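Presented below is the structure to which this report refers.
None of these values were measured; they are calculated from a predicted model.
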Amino acid sequence: MIAPSQSFIKTIFSTIWGLFRPYTDKRVLAIGCIAYANGLPLLLTSKTLGVWLETFGLNYTSIGLFGLLHLPYTLKFLWAPILDHVPLPFLHKYLGQRRSWLCLVQVTAIAGLLSMTLFDPLSNLVAFVVCGFVVTFSAASQHVLLMTYQIETLASRDWGIGEAMGVFSYRMAILTGGGGALYLTTFLPWKEVYILLACLMFIGLIAVLLMREPTQFASQHTHSFTKKWEWINYALIGPFKDFMLQKGWLAILVFMIIYRLPENLLTMMQTLFLLNLGFSKAEISSVAAIFGLSATISGGFIGGHLIRTYGYKTTLYWAALAHGVSCILFLILNNLGPNLPFLYLTIGIEHFLSGAALTGFFSYQLTCCSLRYAATQLALLTSLAELSRTFAPTLAGWMIDSYGWATYLALVILSSIPGILWVKRIPFSKK
């Protein structure tokens, strides 16, 4: 009786190890470290920054205008050709193209966060805003470089694994820059909190210095130009021309905008919805923030495994379908009221499926780009993906004010249909 039991236990451990072994790859771990450093500035220049600015006595209108700091996230495709094709003096010789730019943008992001602590936003508003803009500009650039590093170092079957690790680390960084920062302010001044979190970004810098320059970069970017227009044609026009030559390029662009629409409609108003139902802030924090984050991370890892096993088309389709159906739980919760066990069920299922869909979505972007123009093409796709996150909250707010929560939640469910159906229209590379 003992031997079969031991065999069963070994089988379980072997299965679990088989799921997580790909995440121990040095390249995947490097992606995780860089993604963590890339995620820290997000809330430190948005929600967390808003709480800090309120201590200076700024009104909500003024605080809201700081949201414009995030414009680089939607415009990063404009300078991506520079990241892709312009070598940095001195650093390029010792680190290579990708690592040198990654080092530079990480150093500037750290410097920007530290510099924000030197200025009072009331008396030195311009300097404070400039520092914040340096942070978001650097973080947006780093995101492009990180995804480019993934496509150049990992085999295509492992892109989902790399993206799952990136989602995990990025979410952990958001937890650090959000709830972690607010907790630290209970016994540390705001300036010291920002200094401490800026120092955590050195995790990414250390990873860049230890990792190797992608070997595929040199083979794809070795060119010599005798005239300026040749470089312009190659670096500025080439990426877009190359992208438009592939089959289904327009369908891909539409897909970038609509696939994450239900998540973007739901995320911004979720906390307000739960407060309106009667849940306490403590309950929302423990369920939606901590438990929900764990569910998202778990879904991300499973999503990476599903891509490796079943491919992108199957994962994208079923993840979007399941996530859309899971949003029905919020509509049921709206009728039940502040039912805590059902809230756990709703958040757990919806966040888990959202994490799986998110991993599939971002790793699919890698398959749509060529190695030669990876940075610029990825910047274009991720910029389009940001559009619905930018405009969805406005639509959601208008819908709630005009028709109420039930109609809004029904809209969230229906908004998943275009993305589900569009999966059938987009091309799937055999990379």
Side-chain angles (χ1 to χ4, degrees), residues 47 60 167 171 174-175 178-179 182 257-300 302-303 306 315-361 387-423:
K47 292 182 180 180
Y60 293 126
V167 169
R171 296 286 181 175
I174 289 176
L175 180 63
L182 294 179
I257 299 173
I258 66 175
Y259 188 75
R260 295 183 61 203
L261 186 57
E263 178 192 357
N264 291 330
L265 279 170
L266 186 62
T267 300
M268 186 70 177
M269 298 297 173
Q270 187 178 107
T271 300
L272 294 175
F273 166 66
L274 297 179
L275 286 171
N276 184 71
L277 277 183
F279 289 104
S280 68
K281 292 180 179 178
E283 289 172 332
I284 295 172
S285 177
S286 61
V287 179
I290 301 174
F291 178 73
L293 178 65
S294 301
T296 302
I297 291 171
S298 301
I302 296 300
L306 291 175
T315 302
L316 285 169
Y317 180 82
W318 287 107
L321 179 61
H323 180 254
V325 172
S326 73
C327 292
I328 297 175
L329 295 172
F330 284 98
L331 199 56
I332 298 173
L333 185 63
N334 186 51
N335 294 323
L336 290 177
N339 186 312
L340 192 59
F342 197 81
L343 177 62
Y344 270 98
L345 176 68
T346 301
I347 294 296
I349 294 176
E350 189 275 327
H351 278 51
F352 177 86
L353 295 171
S354 174
L358 188 68
T359 297
F361 177 74
L387 284 179
S388 64
R389 191 175 76 173
T390 301
F391 296 107
T394 303
L395 174 62
W398 172 80
M399 180 66 69
I400 294 166
D401 286 336
S402 302
Y403 302 103
W405 287 104
T407 303
Y408 154 72
L409 293 170
L411 174 66
V412 171
I413 298 168
L414 293 174
S415 69
S416 66
I417 296 176
I420 296 170
L421 297 178
W422 207 262
V423 172

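For S326 (side chain) and H323 (main-chain N/O), a donor-acceptor pair under 3.5 Å exists by modelled atom type. E283 places a side-chain N or O within donor-acceptor distance of the main-chain N or O of S280, the cut-off being under 3.5 Å. With T359 contributing its side chain and G355 its backbone, the two residues share a donor-acceptor pair below 3.5 Å.
Here the closest non-hydrogen pair linking N334 and A406 is ND2-CB, 3.9 Å. Between T407 and Y403 the shortest heavy-atom distance is OG1-O, 3.4 Å. Heavy atoms only, all atoms of each residue included: S415 and L265 are closest at OG-CD1, 3.6 Å. Here the shortest heavy-atom pairing between V412 and C327 reads CG1-SG, 3.9 Å. Shown here for G324 and S416, the closest heavy-atom pair between the two residues is CA-OG, 3.5 Å. Nearest heavy atoms, G348 versus A295: O-CB, 3.5 Å.
Around CZ of F342, the count of heavy atoms belonging to other residues, nucleotides or ligands within 6.0 Å exceeds 12.
The side chain to side chain contact (heavy atoms under 4.5 Å, CB included) with L333 is formed by just one residue from the set L345, L343, I328; it is L343.
Rounding to the nearest 0.5 angstrom, the gap separating the CG atom in L329 from the CG atom in L336 is 10.0 Å. Summarising the geometry, atom CG belonging to L261 is positioned 11.5 Å from atom CD1 belonging to I417; distances are rounded to the nearest 0.5 Å. Note: L321 CG to L353 CG = 10.0 Å, rounded to the nearest 0.5 Å. Atom CG of residue L331 and atom CG of residue L409 lie 5.5 Å apart, to the nearest 0.5 angstrom. Atom CD1 of residue I258 and atom CG of residue L421 lie 8.5 Å apart, to the nearest 0.5 angstrom. The CG atom of L293 sits 12.0 Å away from atom CD1 of I347, with the distance rounded to the nearest 0.5 Å.
Side-chain contact between L316 and Y259 is present, with heavy atoms from C-beta onward closer than 4.5 Å. In this structure, the side chains of I297 and V167 stay at 4.5 Å or more apart for every pair of heavy atoms. No side-chain heavy atom of T296 sits less than 4.5 Å from a side-chain heavy atom of F352. The shortest distance between side-chain heavy atoms of F330 and L266 falls below 4.5 Å.
The side-chain hydrogen bond (donor to acceptor under 3.5 Å, both in side chains) check on S298 picks up nothing, with sequence neighbours excluded. Remark: F279 engages no residue in a ring pair (Phe, Tyr, Trp, His ring centres under 6.0 Å) (not counting sequence neighbours).
Aromatic pair F273/W405: centroids less than 6.0 angstrom apart.
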